[in-house]
Amino acid sequence: MALDLSTLNLEQLEAVLHKDGPLLVFAGAGSGKTRVITYRIANLIHQHGISPRHILAVTFTNKAAAEMKERLQHLLGMSMRGLWVGTFHSICARILRESGRAIGIPPNFLVYDEGDQLDLIRQVLVDLNLDEKQFNPRAISNAISRAKERLITPEGYREQAYDFFERIVASVYPRYQSALQSANALDFDDLLCKTIELFEQHPLVLARYQDQFRYILVDEYQDVNYAQYVLVRLLAEAHRNLCVVGDDDQAIYSFRGAEVELILRFEQDFPDAMVVKLERNYRSTQPILDLAFKLVSQNTLRTPKRLWTDRTEGKPVTLTPVADEEEEARLIAEYIQREVARGNRRYGDFAILYRTNAQSRVFEQRFMRERIAYRIIGGVRFFDRKEIKDLIAYLRLLVNPDDTVSLLRIINVPPRRIGDQTVKTIQAYASEKGISLYRALTEPGLHARLPLQAQQAIGGFTALIENLRAYAPKASLTDTTRRVLEKSGYLTWLEQRKDAESVDRAGNLREFVNVVAKYEQTLPESEEATESPLLGFLQYLALISDLDTLDESGDHVMMMTLHSAKGLEFPVVFLVGVEQGLLPHALSETPRDIEEERRLCYVGMTRAQDELHLTYARERSYYGSRRACIPSPFLKAFKDTPMPTLYQQMYGTPPAPTPYRAPIWTPARTQSRFLPGQRVHHPDFGYGIVVRTSDALVTVMFPGGKGMHSFPLQECPLEEA
DNA sequence: TTCAGGAATATTTTT
DNA sequence: TATTCCTGAA
């Protein structure tokens, strides 16, 4: 069977057929980039007989990785076993698990996420007697992250630390590193740094991986940071079969250390590189592309290129001023309902893109009210919820009792009478003896310093952990998780406090058990035979994101940030909140930052296949207070282009005045009987106003100093007034 | 030590 | 607005 290449255009074909040597592909939005990468790999395997195990493909998300593997399997009709596809982080995690021992990293290391990082930095600040108020842990964490992205060691940082803040960071950084080490944990950046360290210190290990990865492909190369760049260079320098794909117009991650210059520099690094530009767009209509080009061509730092398409006909892009975010949501909901009712579209055809996660709330409320199916990507991730993180902390302790962050997280959750005082004593004892907190818990020397009550509480806690630890290796993942919930008393604790929030949380924990069960069921497909399933699961958890669990199959309106939308496409896109201060965001000040915000806007616009609608509000609520808004300066790029408003498109001329719609909240149409703003009556508190509702609870504000109260939906003593 | 409730405060984007 | 912080009572 021959690989069918007839559907590829000339440039795509060039990229696909290029076999050896460096290759740089500038792939504009919607230019069939994924196809090129997939076909290129398929061609290497099929045409040139390269074994999948000699190929490494780096993608931006785990989801993209899974999809690519699946497509290849489908295309070639053979198993892609041995092919490495994944994000930089997951690939590095895998390398370190295999070979990290050489630089003292045991294979059972855990990956700390941002929250864990912050917790650890706070601990270090306490150790150093630094006030958290004065030295923002987040800023310090960012500074350390920045340093690591540029492969700057604690020593290196100290040498170049000038101002006061940098000197503080210089003192925290080494301590933070040793705290990570004693917790047997790596943060996100360490995954990269340590892999590079491994390769630099052990040329033989590097040579082994170089020999394995004879062909390397890197997607989204415009969003690569220095450490990633170095890693790629190290791996590729032996065979020089490196193909990088990217688009400088879509570089939107400089806040994470990404440097667009690295893609622009590729031709200097590899003067013999073949360069292919993909400028034919298969996604959008000409009006959309024209407008997007008007915007992005204002940037100074870009390679010249312009997308073109066959789809010369298309609806005009609309630009609609709205009074505020409420009208914005109302208008869009109305348009969606209308299109769906007419049979033109399904909910899944629409996407709402915004700059900040907070903007999703108004849409969420509106859509709930109007019963429009929607999915929000990002925001508070399921795995970031307190109760879920607590449960994960228990699981982590079972794998690695030295994980201090996790230990401190749950040592008194649920409350088991191990309070602040006791914890301080434990910490003092542990650092005195140079042992981990968990080790300290088991030492008689510690107990001698504590009151009997605390001793007993600690004894109970260690017995619990030991019991669970003994159980885990013998049981399935799901059973272990259930047992943790049960034996720790966490679930009982939540269930006892009847308040509605706890009911929500208990529900989330049960949902988590389902996630575990699902993972366990699909486990056999994964090729890594992990010696400890629990460890494998935790490592999997650490690196997945919300986007990875997104399924586009359902019929929902998608709502997400512009960043999350990268790489996706939708028939109809609403780009909302195109206002000064929001897009570009107020925190982006330098010309460089502004250019990135412009690219962000460009990314959003180029997600649209058939229709693109822009909106900006004249007034908007910012953390409680209302503020007047100015349209985004980006819109000036469109001043010569007549753009109708969405109202005009819906009703024809003239522009309809803002139609006032009475909110529809008949009880029969709503899931929870209550809606924000509604007046209700309570037997004890009297009349109040519903502030908020969720799946399980309703929160009501009662006037006259009676305050806010939450009730479980099922059995709340409220009546509609 | 725990918990409730009011006060203070912080808000960009994410592997 | 929503979350965290802080205080004081049990």
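Predicted model only: the values in this text are computed from it and were never measured. The sequence lines fix the lettering, A, B, ..., with proteins before strands; numbering per chain opens at 1. Below, all heavy atoms of this structure are taken into account, side chains as well, without hydrogens, waters or symmetry copies.
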Novice: May I have the distance from A/Arg620 (atom CZ) to C/dT1 (atom P), rounded to whole angstrom?
Specialist: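 Whole-Å distance recorded here is 15 Å.
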
Novice: Backbone N or O of A/Ile418 within a donor-acceptor pair of the A/Asn412 side chain at under 3.5 Å?
Specialist: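 Side chain of A/Asn412 to backbone of A/Ile418, a donor-acceptor pair under 3.5 Å: yes, one is there.
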
Novice: What heavy-atom pair brings A/Gln222 and A/Ala258 nearest, and what distance separates the two atoms?
Specialist: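 Residues A/Gln222 and A/Ala258, closest heavy atoms: O-CB, 4.4 Å.
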
Novice: Anything under 3.5 Å between a protein N or O and an N or O of nucleotides 9-14 of chain B, put it in a table, one pair a line.
Specialist:
residue : atom : partner  : partner atom : Å
B/dT12  : O4'  : A/His585 : NE2          : 3.3
B/dT12  : O2   : A/Arg355 : NH1          : 2.8
B/dT12  : O2   : A/Arg355 : NH2          : 2.4
B/dT13  : OP1  : A/Asn357 : N            : 2.9
B/dT13  : OP1  : A/Asn357 : ND2          : 3.0
B/dT13  : O4'  : A/Arg355 : NH2          : 3.1
B/dT13  : O2   : A/Arg355 : NH2          : 2.6
B/dT13  : O2   : A/His563 : NE2          : 3.4
B/dT14  : OP1  : A/Thr561 : OG1          : 3.0
B/dT14  : OP1  : A/Ser564 : OG           : 3.1

Novice: Rounded to whole Å, please give me the gap between CD in A/Gln359 and C1' in C/dA2.
Specialist: 16 Å

Novice: Measure from NZ or CZ of A/Arg607 to the centre of the six-membered ring of A/Phe570 and say whether it is under 6.0 Å with the direction within 45° of the ring axis.
Specialist: no

Novice: I want to check one thing: is the phosphate of B/dT1, taken as OP1 and OP2, less than 4.0 Å away from some side-chain N or O of A/Arg416?
Specialist: no

Novice: Roughly how far apart, to the nearest Å, are C/dC6 and B/dT11 at atom P?
Specialist: 15 Å

Novice: Nearest whole Å is fine: how far is B/dT15 P from A/Lys194 NZ?
Specialist: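 Nearest whole value for this atom pair: 23 Å.
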
Novice: Would you mind reading off the distance between A/Lys63 atom NZ and B/dT15 atom C1', rounded to a whole angstrom?
Specialist: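 From A/Lys63 NZ to B/dT15 C1': 15 Å.
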
Novice: Which of these, A/Tyr540, A/Phe188, A/Phe60, sits in a ring-ring contact (aromatic ring centres under 6.0 Å, His included) with A/His89?
Specialist: A/Phe188

Novice: For A/Ser621, is there any backbone N or O sitting under 3.5 Å from a side-chain donor or acceptor partner on A/Glu325?
Specialist: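 Yes, because the side chain of A/Glu325 sits within donor-acceptor range (under 3.5 Å) of the backbone of A/Ser621.
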
Novice: Round to a whole Å and report the spacing from CD of A/Gln539 to P of B/dT15.
Specialist: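 Nearest whole value for this atom pair: 18 Å.
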
Novice: A/Asp420 CG to B/dC3 C1': how many Å, rounded?
Specialist: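 Interatomic distance, CG of A/Asp420 to C1' of B/dC3: 13 Å.
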
Novice: Check whether A/Glu595 reaches the backbone of A/Arg592 with its side chain - one donor and one acceptor, N or O, closer than 3.5 Å.
Specialist: no

Novice: Looking only at non-hydrogen atoms, find the nearest pair between A/Phe255 and A/Ile252 and report the distance.
Specialist: CE2-O, 3.7 Å

Novice: Take a 6.0 Å sphere around CG of A/Leu452 and say whether it holds more than 12 heavy atoms from other residues, nucleotides or ligands.
Specialist: yes

Novice: Scan A/Asp223 against the nucleic acid and name what it touches under 4.0 Å (heavy atoms): base, sugar-phosphate only, or nothing.
Specialist: nothing

Novice: Can you tell me the distance, in whole Å, between the OH atom of A/Tyr229 and the P atom of B/dT15?
Specialist: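 The distance from OH of A/Tyr229 to P of B/dT15 comes to 25 Å, rounded to the nearest Å.
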
Novice: Can you list, by residue number, the residues of residues 85-93 of chain A that have a non-hydrogen atom closer than 4.0 angstrom to DNA chain B?
Specialist: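 Nucleic-acid contacts, sorted: A/Thr87, A/His89.
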
Novice: Taking only the P atom of each, what is the distance from C/dT4 to B/dT13 in whole angstrom?
Specialist: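 My reading of the P atoms in C/dT4 and B/dT13 gives 15 Å.
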
Novice: Would you confirm whether A/Ser141, through its side chain, and A/Pro137, through its main-chain N or O, come within 3.5 Å as a donor-acceptor pair?
Specialist: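 Judged by distance alone, no pair lies under 3.5 Å.
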
